[in-house]
Every structure is written in C-alpha cells, then in structure tokens.
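Have a look at the structure below, then the notes.
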Amino acid sequence: MHIRGVLRAVLVCGMTVQIMLGLAWLVKNMGGLQTFQESRWLLTGGGVAGRLYSGALYRGLVSLLSSHLRILYGIQLAAAFASAYGLAACFMGKDQKALRILGALALTFIPQTLQCHLAVLPWSLGTSLLLAQIALWVDLTHNRTKEYGRERKTVIAMLGSWMLLVCIVPVYAWFSLPLLAAVLWRAGKSGGIKRRVFLGLTGLAIAVCCMAVNCGFSPSAWNRELAANALSRTGWPHFQNDYDSIPEPLHSEIGLDTARKVSAYADGVEISLIPKLEEYYGPEETTSILWELAGLCLKRNLRADVKNVIWDMAAYHATPPIFAMQLKGRAYDSHSGINYQQMKNRAPLLSRRYVTYAARWWWLMLGLAVILTGCKLAERVVNPDVRAGKAKAGTPGTCEGKAKSGTPGARNFLQSWFPVLAGAEWMILYFVAQGSGIMDYKKTLCVTVLWYVAALSRLGNREGGEG
C-alpha cells in the first residue's frame, strides 16, 4: 500500500507540473490568434472552410465572435474542462473532488489539446463533445442496475451531443457511431419489441444522416471523395516532383503553380487541383484524372508511401512522443511542424519546454499507471478478500458496488471500452487514409486524451476506475 501511495503521489505531481506549464502558456496566448489556414478561412468566411472542416454552428459562432476571440477561447476551454471533469468523475469517488478537478485540468492542459482550445478551429469543441459522450457511456456501463430512466436520459444526452457534432465538425459524427450503437443496443435489450424497433430505426436514421452530411447520396460524389483522398495519400508532399512525369496536355493544364500548391498544402488536392481540372473537364472526367494521377504517384513513391503510412499510424496512436521525435528530426516530415510553428509564435522557449516535458511525462505517466495496475493485481492475488470487501462496502447501483454483479474484469473492460476504442481506431484510419505523412494531430486530439485517461483512472478509488 505504501508503494502504491508513493506512485500515486508521483503521478499527481507530474500532472501538476504539466498543468502549471499549461497555465503559463495559456496566459501568454489567450489574446492571440494562431494563423492556421483553416482559421483564416473561417474568419474571412471562405466557402472551402465550411466544406472541408467546420459545420454551420461553428462557422456562425466564429462569425459572431470574430472580434471577441477571448470569448470564443473561453467557451472552448469551458467545454473542454466540463467534459474532462465528467470523464474524471467516472473513476473517482465523490470524496475525491480535488482529484477530479486535477484530472480535468490535466486533460485540458495537454499541449496539443490546449493549442486547439486557444485557436479558431472546430476540433476543440468537437473533441469535447466526443469526450462527453465517452463519459456518459462509461458512467452508464459502470452502473450495474437496469434503470430505464437512467438509460433513457443517457440516450437523449448522447443523441443531443451527436447532433451538436454534426453542426460543429461533421466528420466527427462518424467516430461517435460505435458509442451510439452501443448505447442504443443496451437500451433496447431490456425493452419490448416496439422499443427495440424504435431504437433500431433511430440508429439507422443516424447512420443515414452521417452519410448525407459527410458524403451525400450520390455514388459519383463518393467516387470523387475516394479519388481525392487517394491522390492526397500518394501525392503529398512530393506532387511537385512528380509533375514532370505527367503527360501532355494534362501537364500544361495543371501548371507548375498548381503543382506547387498541391505540394505546399495538405489539402491542396481539394483546394487547388480539383478547381483547376474542372476548368477543362467535367466532374466525371475530373474524377477519372484524379485516379490516374494517384496511380502515377503511387508508382513513383511506393516505398515512401508505405513508410509514411507506418509513421502516420504510429504518430496518430502516440502523438506526444512521436511529435517530440519529429521536432528533433528523428522521425519524418509531417503537418505537425506547421502546428508547432503556430504554437511557439508568442512564447518560443516556454512552448519548447512545455512540449518536451509533455513528451517525456507521457512515457513516465503510463509507466506509473502500469506499475499501479500491477500492484493492484498483486494485492488481489495475495489477498482475494479485498475485492469482495469492496463489493460489500459499495452501494447497489453505483460504481462502488459493481463487483457485486460478479462480472469478470476483462468482460467489463470490453463492454465499457470496446465502443470507445473502435471509434478511436476508426478516427485514426480515416485520417491516415487522407494523406501521406500529413499527421495533423489537431484532428485526433481524442486519441491523445485517452492515454491520459488511462493513467488518471489509476488515481481513483472507485471500483469502476480499477477496470
């Protein structure tokens, strides 16, 4: 027990240091503007921004608060803290309010997430909504009593947050589908036929809405999206080098300036190349040309693309350590360098120390969490009565009384976290497929946060946090 206490204290101290660095960075950057290309589009009302990134609600919010960015940042920070606090509450008892606040601050002040909270980007609010859904789901699965009222409230809250996702960052609506399917399935298991049919139709309507918002219903639009992603995957960032291999008259029609723009911007295919091609060809022929160019780039850059796929998968799964390697030139070039340039504009030295500390702390934090888990398992092996005693002490229908149901730990973990991990993996695969070596960590903040959740869960004394 003494060793576990020391390890928990080290974990708390490490989180506190990261929070203090984050607070200092927040003070330096609260009134500034990170000039991301997406932010410029949003602030100037560019149509491309709405089509590629943000939903109508976020564009409206930016338009309303464009002259009061502090208010926008405050809203994003408040939403991030609220969702993080709800997630921390799933693992920590009511008597651990200070730890709940510490955990919420630790999740809010991760360098990559804090950068987006203080930026005109939809990824911050989108991530907060995803974390809120995870918190609702985990809290529901930790509650072992079948309460229809509780399940109904959770379903309504998750559907409401999903609708907000559609209006803020539509692509994220895809990644919450596993969670929504799980909560609808759980709510339908204990109901009659009518209830199951209604929930099933609700799930189908959600899936259709996702497709309509993100892809449309036209097969030609789906083919265009796949072709654009394929060319971005195989052609970025070396499309300019492949330009000389493009045969005439396509070589002259694209032009060197467009080829440079495709290489310079991760979204250059959508922004620059497709409009240029459509000046000469119709939509269907443009799609065919995109597939042709994707095949040409793949032949020329196959080895580099395979290497970048591996690096992208690793970087999206474990952003803090891979990001630190990139900054030292030990990994590979990606979109993250642009992000870091924006992050350190107002506080170069502080930003470097903040990011470096977070990368090193990431390894130590997870190591401490693994050791704490091992200590807990060893304690159960040595003293099997510990778990039974905790179950008797818990109140039925709460996380503390979970062990009373006799559900095995592995099975409980899968029930609670499989939909979460499925959504996270879907998110990673989706963004890996969009471009070779882009690795834009702004889009996968939820995955980064989940690593910290895994470590913070070791601080809780609720039985739900020991799963």
Side-chain angles (χ1 to χ4, degrees), residues 15 75-94 96-110 113 116-117 123-145 147 149-165 168-169 172-173 175-187 397-400 402 412-424 427 444-467:
M15 292 292 183
I75 292 172
Q76 293 181 164
L77 283 168
F81 180 82
S83 62
Y85 186 84
L87 198 52
C90 293
F91 305 100
M92 299 168 188
K94 294 181 180 179
Q96 293 182 296
K97 189 172 182 179
L99 274 181
R100 288 186 182 190
I101 294 174
L102 178 76
L105 289 173
L107 297 181
T108 305
F109 287 99
I110 300 168
T113 60
C116 290
H117 300 331
W123 312 113
S124 171
L125 287 179
T127 300
S128 296
L129 288 168
L130 283 177
L131 294 178
Q133 288 188 343
I134 294 172
L136 289 167
W137 168 249
V138 172
D139 182 65
L140 180 65
T141 55
H142 283 179
N143 187 290
R144 291 297 159 190
T145 58
E147 300 176 6
R150 184 184 182 88
E151 288 182 342
R152 182 175 60 182
K153 290 177 182 178
T154 302
V155 170
I156 292 173
M158 291 183 71
L159 288 177
S161 63
W162 178 84
M163 292 175 68
L164 285 174
L165 267 180
I168 291 174
V169 50
Y172 275 11
F175 313 133
S176 68
L177 287 184
L179 278 173
L180 291 175
V183 76
L184 291 174
W185 175 265
R186 179 187 172 95
T398 66
C399 291
E400 287 87 343
K402 181 190 74 167
N412 172 64
F413 175 83
L414 288 175
Q415 287 178 343
S416 297
W417 291 100
F418 180 78
V420 178
L421 298 178
M427 175 183 286
T444 56
L445 298 175
C446 185
V447 179
T448 301
V449 171
L450 288 178
W451 285 109
Y452 289 80
V453 171
L456 286 171
S457 67
R458 303 298 89 196
L459 293 176
N461 63 5
R462 296 177 70 163
E463 189 66 18
E466 301 294 350

Can you give me the closest heavy-atom contact between M158 and Q133, atom names plus distance? O-NE2, 3.3 Å
If you look at every heavy atom in A135 and C90, which pair is closest and at what distance? O-SG, 3.4 Å
Taking atom CE of M15 and atom CD1 of I110, what is their separation to the nearest 0.5 Å? 8.0 Å
Nearest-0.5 Å distance, CZ of residue F81 to CD1 of residue I101: 5.5 Å
Might you point out which heavy atoms bring L165 and G126 nearest each other, and give the distance in Å? CD2-O, 3.6 Å
Any side-chain heavy-atom pair from C116 and L445 closer than 4.5 angstrom? yes
S83 versus S128, closest heavy-atom pair with distance: CB-O, 3.3 Å
Do the non-hydrogen side-chain atoms of L450 and I134 ever get within less than 4.5 Å of each other? yes
Heavy-atom closest pair (R100 atom, M92 atom, distance to 0.1 Å) is NH2-O, 3.0 Å
Let me confirm one number: the CG-CD distance from L184 to E151, rounded to the nearest 0.5 Å. 11.0 Å
What's the spacing between Y85 OH and T108 OG1 if we round to 0.5 Å? 12.5 Å
In Å, rounded to the nearest 0.5 Å, how long is the span from CD1 of I156 to OG of S161? 12.0 Å
Carefully, step by step, assess Q96 and L459 under the rule side-chain contact (heavy atoms from CB on, under 4.5 Å). CA-CA 10 Å; Q96 293 182 296; L459 293 176; 5.9 Å; no
Separation between CG (L99) and CG (L456), nearest 0.5 Å, reads 9.0 Å
Could you check whether the rings of F91 and W417 sit parallel, tilted or perpendicular, using 30° and 60° as the cut-offs? parallel
T113 side chain reached by S124 side chain, heavy atoms, under 4.5 Å: no
Tell me, do T154 and W137 make a side-chain contact under 4.5 Å, heavy atoms counted? no
Please assess L125 against V169 for the test side-chain contact (heavy atoms from CB on, under 4.5 Å), listing each intermediate value before the final yes or no. CA-CA 8 Å; L125 287 179; V169 50; over 6 Å; no
Would you call L129 and Y172 a side-chain contact if the rule is heavy atoms closer than 4.5 Å? no
In this structure, which one of L131, V420, V453 forms a side-chain contact (heavy atoms from CB on, under 4.5 Å) with C446? L131
Taking all non-hydrogen atoms of both residues into account, name the closest pair between A454 and S457 and its distance. O-OG, 2.7 Å
